Amino acid sequence: MDIKIFPDKQALAATAADRAAGIIRNSIAQRGRARIIAATGASQFEFLEVLTRLPDIDWRHVEMFHLDEYVGIPETHPGSFCRYLRERLIDKAGVGQYHLLNGTGDLDAVIREAGQQLQRAPIDVAFVGVGENGHLAFNDPPADFDNDEPYAIVGLDEACRRQQLNEGWFSSLDDVPKHAISMTIRQILKANKILCIVPDKRKAQAVKNCFDGKVSPMAPASALRRHGATIVYLDRLSSSLLGADVRAERI
């Protein structure tokens, strides 16, 4: 796992998006399509904005998979990640094929169908973030590192739910769902490449716990350290608590 530290979130987003675009272009050139996993949340705003504006990506040949979604939230809700992905990636870029998670449907059928589609071929690149509680997707601590299924129904802890409230997706803590569909840790780690985008001061403690401590279910995103082709993109603020001995490229 490589860690790159940038002076601000704009520089972080530009470099991560350029790397993402290169992977997508190469996958299309080599195999005729690119299969990607997309993350959501406020931390991905700048990255997706830059990525969708970069030239020479034939998005018609991109197949996108959904990392996680709340249970019980319709797509019309401001907090819906289906809505987020449509507005910030799918419709904006013209993604040719996509698999969204319907959190209001038959959940067993939703995760079974999405999992079958996901496992048909390797994933070229996964875009992920790290939650304020260290979660990877919606795998809150203590995360299940051993689940072999592609998706699972998971509970959301209060720290996770407060993050969603503070990001402005919900009007009160009671409105934030207590369960979600999440891609599992093991499934995320099957991606050929992983780009982990983590800006902002509010993520600094989670970054320290996950990348400057032990690999542990209590720091779910620490599992990325077991993946040989992960790049973690941090800004000055999110990296501020990392120890001096953490190997990182400062840009």
Side-chain angles (χ1 to χ4, degrees), residues 1-6 12-31 33-39 43-44 47 51 62-68 115 117-131 134-139 141-152 182-199 203 206-235 238-239 241-251:
M1 188 189 78
D2 293 328
I3 297 177
K4 298 181 183 293
I5 299 174
F6 298 83
L12 181 165
T15 303
D18 187 65
R19 174 63 174 155
I23 296 169
I24 293 171
R25 293 187 193 109
N26 288 341
S27 298
I28 294 172
Q30 292 173 10
R31 291 182 297 281
R33 66 171 176 169
R35 304 181 91 230
I36 70 172
I37 296 168
S43 64
Q44 308 299 306
F47 167 70
L51 179 61
V62 173
E63 182 178 9
M64 187 215 78
F65 290 88
H66 192 169
L67 196 62
D68 48 24
Q117 295 293 332
L118 182 62
Q119 294 181 318
R120 284 185 174 181
I123 294 295
D124 295 298
V125 61
F127 310 139
V128 302
V130 176
H135 70 206
L136 183 60
F138 265 145
N139 297 288
D144 187 344
F145 280 9
D146 299 319
N147 189 343
D148 286 321
E149 296 298 321
Y151 287 99
S182 180
M183 192 174 291
T184 62
I185 299 285
R186 283 199 169 185
Q187 182 62 51
I188 294 168
L189 297 181
K190 290 178 182 178
N192 290 339
K193 295 179 176 65
I194 300 175
L195 306 185
C196 182
I197 292 92
V198 196
K203 300 293 183 75
V207 166
K208 177 177 175 59
N209 293 345
C210 292
F211 306 129
D212 195 8
K214 295 181 180 179
V215 175
S216 166
M218 296 308 297
S222 66
L224 294 173
R225 291 155 64 183
R226 296 176 172 171
H227 189 273
T230 289
I231 302 176
V232 179
Y233 295 86
L234 307 175
D235 64 9
S238 62
S239 65
L241 299 181
L242 286 178
D245 58 336
V246 174
R247 294 181 60 187
E249 180 183 0
R250 297 180 183 272
I251 298 169

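On a predicted model such as this, the values are computed, not experimentally measured, just so you know.
- Every residue two or more places apart in sequence or in another chain was checked for a ring-ring contact (aromatic ring centres under 6.0 Å, His included) with Tyr151, and none qualifies.
- Atom-to-atom distance recorded for Asp18:CG and Ile23:CD1 is 10.0 Å, nearest 0.5 angstrom.
- The nearest pair of heavy atoms linking Ala16 to Leu195 is O-CD1, 3.9 Å.
- For the atom pair CD1 (Ile5) and CZ (Arg250), the distance works out to 3.5 Å, reported to the nearest 0.5 Å.
- Using a distance-only test at 3.5 Å, with no hydrogens or angles considered, a donor-acceptor pair links the side chain of Lys203 to the main chain of Val130.
- Closest of all the heavy-atom pairs between Ala39 and Val128 is CB-CA, 3.8 Å.
- Contact between Leu118 and Pro150 at its shortest, heavy atoms only, is CD2-CB, 4.0 Å.
- For residues 209-233, the set of pairs meeting the salt bridge (charged side-chain N to carboxylate O under 4.0 Å, His left out) definition, not counting sequence neighbours, comprises Lys208-Asp212.
- Every residue two or more places apart in sequence or in another chain that forms a side-chain hydrogen bond (donor to acceptor under 3.5 Å, both in side chains) with Gln117 is listed here: Arg120.
- Counting only distance, with no hydrogens or angles, the side chain of Arg35 and the backbone of Phe65 share no donor-acceptor pair below 3.5 Å.
- Contact record, Val215 with Ser222: CA-OG, 3.4 Å, taken as the closest heavy-atom pair.
- The two residues Leu136 and Gly129 come nearest to each other via the heavy atoms CD1-O, 3.7 Å.
- Under the side-chain contact (heavy atoms from CB on, under 4.5 Å) criterion, Thr230 pairs with Met1, Ile194, Leu224, His227, Val232, not counting sequence neighbours.
- Taking CG of Leu234 as the reference point, atom CG of Leu12 lies at 7.0 Å (rounded to 0.5 Å).
- For Arg31, the side-chain contact (heavy atoms from CB on, under 4.5 Å) criterion is met by Ser27, Asp124, not counting sequence neighbours.
- Remark: Ile36 CD1 to Ile24 CD1 distance equals 5.0 Å, nearest 0.5 Å.
- Residues forming a ring-ring contact (aromatic ring centres under 6.0 Å, His included) with Phe127 (at least two apart in sequence, or on another chain): Phe47.
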Can you check side chain to side chain donor-acceptor pair (under 3.5 Å) on Asp235 and Ser238, steps first, answer last?
CA-CA 5 Å; Asp235 64 9; Ser238 62; 3.0 Å; yes
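- No donor-acceptor pair under 3.5 Å is formed between the side chain of Ser182 and the backbone N or O of Asp68.
- In this structure, Cys210 and Ala219 approach most closely via the heavy-atom pair SG-CB, 3.9 Å.
- For the side-chain contact (heavy atoms from CB on, under 4.5 Å) test, residues two or more places apart in sequence or in another chain that qualify with Pro142 are Pro217, Met218.
- In this structure, His66 has no ring-ring contact (aromatic ring centres under 6.0 Å, His included) partners at least two apart in sequence or on a different chain.
- Taking CD1 from Ile37 and CD from Glu63, the interatomic distance works out to 10.5 Å, rounded to the nearest 0.5 Å.
- Annotation: salt bridge (charged side-chain N to carboxylate O under 4.0 Å, His left out) contacts of Arg19 (sequence neighbours excluded): none.
- Applying the salt bridge (charged side-chain N to carboxylate O under 4.0 Å, His left out) rule to pairs touching residues 186-198 yields Asp146-Arg186, Asp148-Arg186, sequence neighbours excluded.
- Partners of Ala21 according to the side-chain contact (heavy atoms from CB on, under 4.5 Å) rule, which considers only residues two or more places apart in sequence or in another chain, are Arg25, Leu51, Leu54, Ile57.
- Here Ser239 pairs with nothing under the side-chain hydrogen bond (donor to acceptor under 3.5 Å, both in side chains) rule; sequence neighbours left out.
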